[in-house]
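Below: the structure, in structure tokens.
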Amino acid sequence: MAAGPAPEARSLMDEQTFLDNFNNLKYPRKTYLCYKVERLVGENSIPVDEYKGFLRNESSPRRWERRHAEPIFLERMASWNLDTELRYRITVFISWSPCPECADELVKFLRENRHVKLRIFAARIYDWYQGYEAGLRALKAAGAEVAMMTFQEFEYCWKNFVDHQQDEDKPFPSWDNLVVRSEELSQRLAGILQNREE
DNA sequence: ATTTTCAAT
């Protein structure tokens with residue numbers, strides 16, 4: 001059989017990968033990032049489906065080879081060469097919120113790409129590194145929308161970024177305490193973004 | 001109730 005088209009990074013993830021990594025009560029040691037792009041025209045937004053997909057961080061026993069999901073995503077965005085004469089909204093669903101360093105890189109991107117609006121929905125708050133709160137605030141100050149994923153976003157991702165094989169209409173299975181946890185995290189994020197953590 | 005944090009022996 002002739003070789004088919006080179007399978008680019010698959011644009012749909014396995015069900016179990018999604019459920020394991022986006023569960024907002026778990027603490028997986030990896031990060032997945034789903035993204036979609038829309039063109040903003042007046043009051044309307046037009047999906048740009050060729051720029052839709054997901055990626056994950058790159059891990060390695062060698063520190064210098066490890067990459068967080070965000071720099072990989074920034075590289076991917078750069079490769080799109082989005083028309084600077086047009087306006088776009090990029091929505092990101094990320095399983096861990098950006099660390100301070102990645103937040104800074106995203107802020108830099110936003111300063112250099114004023115035609116792009118960025119929305120970030122995070123499943124969980126990545127509070128491992130000192131300064132994570134400031135990083136999130138910097139993103140907001142740079143014009144990014146930062147929010148926790150709610151049931152709506154989890155379901156949206158399930159429908160749009162997950163491979164359901166033959167069963168296209170498979171409903172989002174949810175998990176215990178998804179909503180309660182999401183609300184807790186949203187409260188906490190609100191405090192962080194107001195500079196009143198805890 | 002609280003626990004795992006973009007790993008690596």
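Here is the naming used below: chain letters follow the sequence lines, and residue numbers restart at 1 for every chain.
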Next item on the list: Would you please indicate yes or no on a ring centroid separation below 6.0 angstrom for A/Phe172 and A/Phe151?
Entry: yes
Notebook entry, point to check: Just checking, any donor-acceptor pair under 3.5 angstrom between side chains of A/Glu183 and A/Ser186?
Noted result: no
Checklist line | Donor + acceptor pair across side chains of A/Tyr35, A/Arg76 (<3.5 Å) | finding: yes
Counting the atoms with a prime plus P, OP1 and OP2 as sugar-phosphate, which does [X] contact under 4.0 Å by heavy atoms, base, sugar-phosphate, or nothing?
| X | answer |
| --- | --- |
| A/Glu58 | sugar-phosphate |
| A/Ser60 | sugar-phosphate |
| A/Cys102 | nothing |

Whole angstrom value for the distance that separates [atom2] of [N] from [atom1] of [X]:
| X | N | atom1 | atom2 | answer |
| --- | --- | --- | --- | --- |
| A/Glu184 | B/dT3 | CD | P | 11 Å |
| A/Arg62 | B/dT9 | CZ | P | 11 Å |
| A/Ile120 | B/dC6 | CD1 | P | 18 Å |
| A/Asn23 | B/dT3 | CG | P | 16 Å |
| A/Asn177 | B/dT2 | CG | P | 13 Å |
| A/Arg56 | B/dT5 | CZ | P | 15 Å |
| A/Arg181 | B/dA1 | CZ | C1' | 13 Å |
| A/Tyr32 | B/dC6 | OH | P | 14 Å |

Checklist line | Crowding at CD, A/Glu65 (>12 non-hydrogen neighbours, <6.0 Å) | finding: yes
Next item on the list: Please state the P separation for the pair B/dT9 and B/dT5 - nearest whole angstrom.
Entry: 15 Å
Note to self: If the cut-off is 4.0 Å, is A/Tyr126 near the phosphate of B/dC6, judged by side-chain N/O to OP1 or OP2?
What the structure shows: yes
Checklist line | A/Asn57 side chain near B/dA7 phosphate (N/O to OP1/OP2, under 4.0 Å) | finding: yes
Check: Is A/Arg188 salt-bridged to A/Asp127, going by a charged N under 4.0 Å from an acidic O?
Finding: yes
